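These numbers were taken from a predicted model, which means no experiment stands behind them.
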Amino acid sequence: MNADHREALAAQFGRGNVYNIFRTLARAPEAYRGFMRWGGYILSDKNSLAPREREIVILRAGFNWKSGYEWAQHVRIGKQCGLTDDEIVRIKAGPDAPGWSAIDAALLRATDELTSDAFVTDKTWGQLAPLTEKQRMDLVMTVGQYTQVSMMLNSFGVQLDDDLTLDPDLAK
């Protein structure tokens with residue numbers, strides 16, 4: 001890493017542990033800074049989705065895009081946000097898996113639609129009606145962000161951090 005890379009990372013991490021995703025993205029320092037601002041919004045309390053709902057959406061997007069790195073990182077984060085091991089397994093099965101509440105199934109269905117057609121159907125919008133307009137917008141923006149993240153991770157070949165394990169369902 002050169003001085004520009006180290007400078008970009010130092011602002012965020014100081015001398016602490018830096019995940020491989022950030023080590024990779026810092027090779028384009030200006031893009032990295034913009035990415036961190038937008039990604040910071042998605043992971044902040046300014047995103048009106050509850051953290052658990054946000055992580056359901058992120059995990060489903062990562063799974064749909066076959067992003068082993070994204071999945072592994074957000075399984076850990078999802079558990080910190082209240083997801084159970086059973087729910088994490090069911091995220092892989094999708095919106096029709098038994099046990100989802102109506103809104104959780106709608107979040108998963110919207111994520112599936114966005115990651116396949118880049119469009120939420122009228123039927124699914126109807127199922128998302130219990131959410132506020134801002135929550136529905138944040139849902140689409142969250143899927144968009146983690147579609148981009150998954151594409152970068154997959155295309156750049158970002159290796160798992162040492163403390164992560166690849167889910168066998170996402171092995172390429």
Q | Interatomic distance, Tyr41 atom OH to Met141 atom CE [nearest 0.5 angstrom] | A | 5.0 Å
Q. Quick one: are Glu53 and Leu139 in side-chain contact, heavy atoms under 4.5 Å?
A. no
Q) At their closest point, which heavy atom of Pro95 faces which heavy atom of Arg60, and how far apart are they? A) CD-NH2, 4.2 Å
(Q) Determine whether Ile77 and His74 satisfy the following criterion, side-chain contact (heavy atoms from CB on, under 4.5 Å), listing intermediate values before the conclusion. (A) CA-CA 5 Å; Ile77 296 168; His74 280 272; 3.6 Å; yes
Q | Salt-bridge contact Asp167-Lys92 (side-chain N to carboxylate O under 4.0 Å) | A | yes
Q. If we only count heavy atoms from C-beta on, is the Ser67 to Val149 side-chain gap below 4.5 Å?
A. no
(Q) Quick check for you: to the nearest 0.5 Å, what is the distance between Leu49 atom CG and Leu131 atom CG? (A) 7.0 Å
Q: Evaluate the salt bridge (Lys or Arg N to Asp or Glu O under 4.0 Å) criterion for residues Arg33 and Glu30: first the C-alpha distance (whole Å), next the side-chain angles of each, then the deciding distance (0.1 Å), finally the verdict.
A: CA-CA 5 Å; Arg33 284 188 276 281; Glu30 290 298 321; 2.6 Å; yes
**Q.** Close side-chain approach of Asp85 to Lys79, heavy-atom, < 4.5 Å
**A.** yes
Q) Looking only at heavy atoms, what is the nearest atom pair of Val143 and Thr115, with distance? A) CG1-CG2, 3.9 Å
**Q.** Side chains of Phe22 and Met36 in contact at under 4.5 Å (non-hydrogen atoms)
**A.** yes
Q.
Checking side-chain polar atoms at under 3.5 Å, does Ser150 have a donor or acceptor matched by the opposite partner on Glu70?
A. no
Q. Are Val89 and Ile91 connected, step by step, through hydrophobic side chains (Ile, Leu, Val, Met, Phe, Trp, Tyr) whose heavy atoms are closer than 4.5 Å?
A. no
Q) With a 3.5 Å cut-off and no angle check, do the side chains of Asn47 and Gln135 form a donor-acceptor pair? A) no
(Q) So Leu128 and Arg109, do their side chains get closer than 4.5 Å, heavy atoms only? (A) no
Q | Sidechain N-carboxylate O distance under 4.0 Å for Asp138, Lys46 | A | no
Q.
For Asp162, is the CG atom crowded, meaning more than 12 foreign heavy atoms sit under 6.0 Å from it?
A. no
Q: Compute whether any side-chain donor of one residue and acceptor of the other, for Tyr69 and Asn154, lie under 3.5 angstrom apart.
A: no
Q. Would you call Arg90 and Asp104 a salt bridge, taking side-chain N to carboxylate O under 4.0 Å as the test?
A. no
Q | For Gly68 against Leu160, the heavy-atom pair lying closest together | A | O-CD2, 4.0 Å
Q: Answer yes or no: is there a donor N or O on one side and an acceptor on the other, between the side chain of Trp100 and the main chain of Leu107, under 3.5 Å?
A: no
Q) So do Leu83 and Val75 actually touch side chain to side chain, heavy atoms under 4.5 Å? A) no
Q. What is the minimum heavy-atom distance between Gln127 and Ile103, and which atoms define it?
A. O-CD1, 3.9 Å
Q: Measure the shortest side-chain to side-chain distance between Leu164 and Trp71 over non-hydrogen atoms and say whether it is less than 4.5 angstrom.
A: no
Q: Indicate if Ile42 and Leu108 have the same hydrophobic cluster label, given that clusters are the connected sets of ILVMFWY residues with side-chain heavy-atom separations under 4.5 angstrom.
A: yes
Q: Determine whether more than 12 heavy atoms belonging to other residues, nucleotides or ligands lie under 6.0 Å from atom NZ of Lys66.
A: yes
(Q) What's the separation between atom CG in Asn20 and atom CD in Gln159, rounded to the nearest 0.5 Å? (A) 7.5 Å
Q. To the nearest 0.5 Å, what is the distance between CE (Met137) and OG1 (Thr142)?
A. 11.5 Å
Q: Determine whether the side chains of Thr147 and Trp65 contain a donor N or O and an acceptor N or O closer than 3.5 Å.
A: yes
Q. Is the shortest distance from a Lys or Arg side-chain nitrogen in Glu87 or Arg52 to a carboxylate oxygen in the other one below 4.0 Å?
A. yes
Q. Between Leu25 and Phe35, does a side-chain contact (heavy atoms from CB on, under 4.5 Å) hold up when you go through it step by step?
A. CA-CA 9 Å; Leu25 296 179; Phe35 172 85; 3.5 Å; yes
**Q.** Main-chain N/O of Thr121 paired with Glu113 side-chain donor or acceptor, under 3.5 Å
**A.** yes
Q. Less than 4.5 Å apart, any side-chain heavy atom of Leu59 and any of Phe63?
A. no
**Q.** From CD1 (Ile58) to OH (Tyr146), nearest 0.5 Å
**A.** 4.0 Å
Q.
Hydrophobic clustering (ILVMFWY, side-chain heavy atoms < 4.5 Å, transitive) - are Val57 and Trp125 grouped together?
A. yes
Q: Can you see which heavy atom on Arg54 is nearest to which on Ser44, and at what distance?
A: NH1-O, 4.5 Å
Q: Group every Ile, Leu, Val, Met, Phe, Trp and Tyr by side-chain heavy-atom contacts under 4.5 Å, then state whether Leu166 and Met152 land in the same group.
A: yes
Q. In the single-linkage hydrophobic clustering (I, L, V, M, F, W, Y; side-chain heavy atoms under 4.5 Å), do Met151 and Tyr32 co-cluster?
A. no
